[in-house]
Amino acid sequence: MNILGVETSCDEAGLALIDANGKVIAEKLASHAELCEQHGGVLPEVVAREHMRILPSLYQAFLKENALSHKDIHAVAVTSGPGLVSSLLVGCGFARGLSRSLGCPLYGINHLQAHVLVARMAQPVEYPFLALLVSGGHTALYKVEAPDVLHTLGQTYDDAVGEAFDKVARLLGIPYPGGARLEKLALQGKNFINFPKPLLNRDSLDFSFSGLKASVARYVEKITTLDDQTKADIAYSFQESVAAVVVAKITLALDRDHQLRRVVLTGGVAANTRLREAIQGALPQEVSFFCPPVRLCTDNGVMIAWAAHELRRSATIQKGYDVIARPNMPL
Ligand code: KG4
Ligand code: ZN
């Protein structure tokens, strides 16, 4: 059974078709990042209109470029939440129309669950595992016991890691979304600035990044010249603070639960090489580390199709008329 995945929860429109074995047949992604850059961030209505404008032609191009026809699609899976309501509505409407016209099943997928499960696509990560999801909208630690059994161990009180990266990048004059460009800039950093490492020594698996971001903002305000080297030093030091915090929380989660001997890092910020290396380097020898390939860390259609592939037989999956946009959808 080939499943078409449709992702539109934020500023990316992703389509992907996977086969009955979970292998990718085709994938296509359109990013509205440039449009967001002009507006200094994600404006929900602007992004939703853009999804609306491009989805039909994106879908046609997806079929044509991969020599696919409607007959190759046997089920449609779509992100139904969490995310921007206007963007979710466009994707859900498109997926519903398509599934009805093809007469095939429609599945609603939780975006966060899809970020976590896609780690199992490249390598068969066995359950249970610890997952750290770090994206633009979410930061959370989960104990994952099965595709449909995820326990939240901790989450951010305020900013998500990706949001903090984007906001610090903006302070340094880097346009939205700044995460990847901030990582590049950090490579030139030489002088370490001791920014706070929020909740580092707290016996809790929760996170908080708004204080760190505010501390960077105060530092930037105070200095007289924000030259290129200073910008790089700030980027480097900020990234080191984030790395120290996530390493500490993963270490604490592993100490608390000896069942957890596998760690997954996923979500857009998992594309960050320094973060990957810091986590991998800190894990005890008997703990294995997994991270999806970079193209599957940031939002994409493959992860939605893959999650449907894993969850299709679960009683928890949303089907047919249950598939509606849920901006605050819990896990
Ligand atoms: O998962 P994602 O594509 O969208 C959400 O579900 O939020 O994550 C996007 C976030 C953005 O904040 C972006 O700046 C960040 O991931 N990001 C990075 C890197 N690549 C993307 N942050 C740090 N380093 C990177 N290399
Ligand atoms: Zn995401």
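First listed ligand is number 1; within each ligand, the first listed atom is number 1. Bear in mind that the values here come from a model prediction, so they are computed numbers and not experimental data.
For a threshold of 3.5 Å applied to N or O pairs, the pair formed by Gly136 and ligand 1 contains at least one separation below that value. The shortest N or O to N or O distance between Asp299 and ligand 1 is under 3.5 Å. The shortest N or O to N or O distance between Gly162 and ligand 1 is below 3.5 Å. Considering both main-chain and side-chain atoms, Gly137 comes within under 3.5 Å of ligand 1 through a nitrogen or oxygen pair. For ligand 1, the polar-atom distance check against Phe165 finds no nitrogen or oxygen pair separated by under 3.5 Å.
Surrounding CZ of Arg170 are at most 12 heavy atoms belonging to other residues, nucleotides or ligands under 6.0 Å away.
Ranked by closest heavy atom to atom 12 (O) of ligand 1, the top entry among Val161, Asp166, Leu133 is Asp166. Looking at Gly268, Ala271, Ala164 and measuring to atom 1 (O) of ligand 1, the nearest heavy atom belongs to Gly268.
Taking 4.0 Å as the cut-off between side-chain N and carboxylate O, Lys143 and Glu145 count as a salt-bridged pair. Salt bridge present: Glu50 and Arg53 bring a charged side-chain N and a carboxylate O closer than 4.0 Å.
In this structure, Tyr236 has its ring center at least 6.0 angstrom away from the ring center of Phe238. For His51 and His32, the ring centers are positioned less than 6.0 Å apart. In this structure, Tyr142 has its ring center no closer than 6.0 Å to that of Phe129.
Side-chain contact of Thr230 with Asp227: a donor-acceptor pair under 3.5 Å is present, judged by distance alone.
Listed by chain and number, the protein atoms of type N/O/S under 2.8 Å from the Zn ion (ligand 2) are His111 NE2, His115 NE2, Asp299 OD1; waters are omitted.
Side-chain atoms of Lys249 come within 3.5 Å of backbone atoms of Ser204 as a donor-acceptor pair (strictly under, hydrogens ignored).
Ring planes of His111 and His115: perpendicular class, angle over 60° (limits at 30 and 60°).
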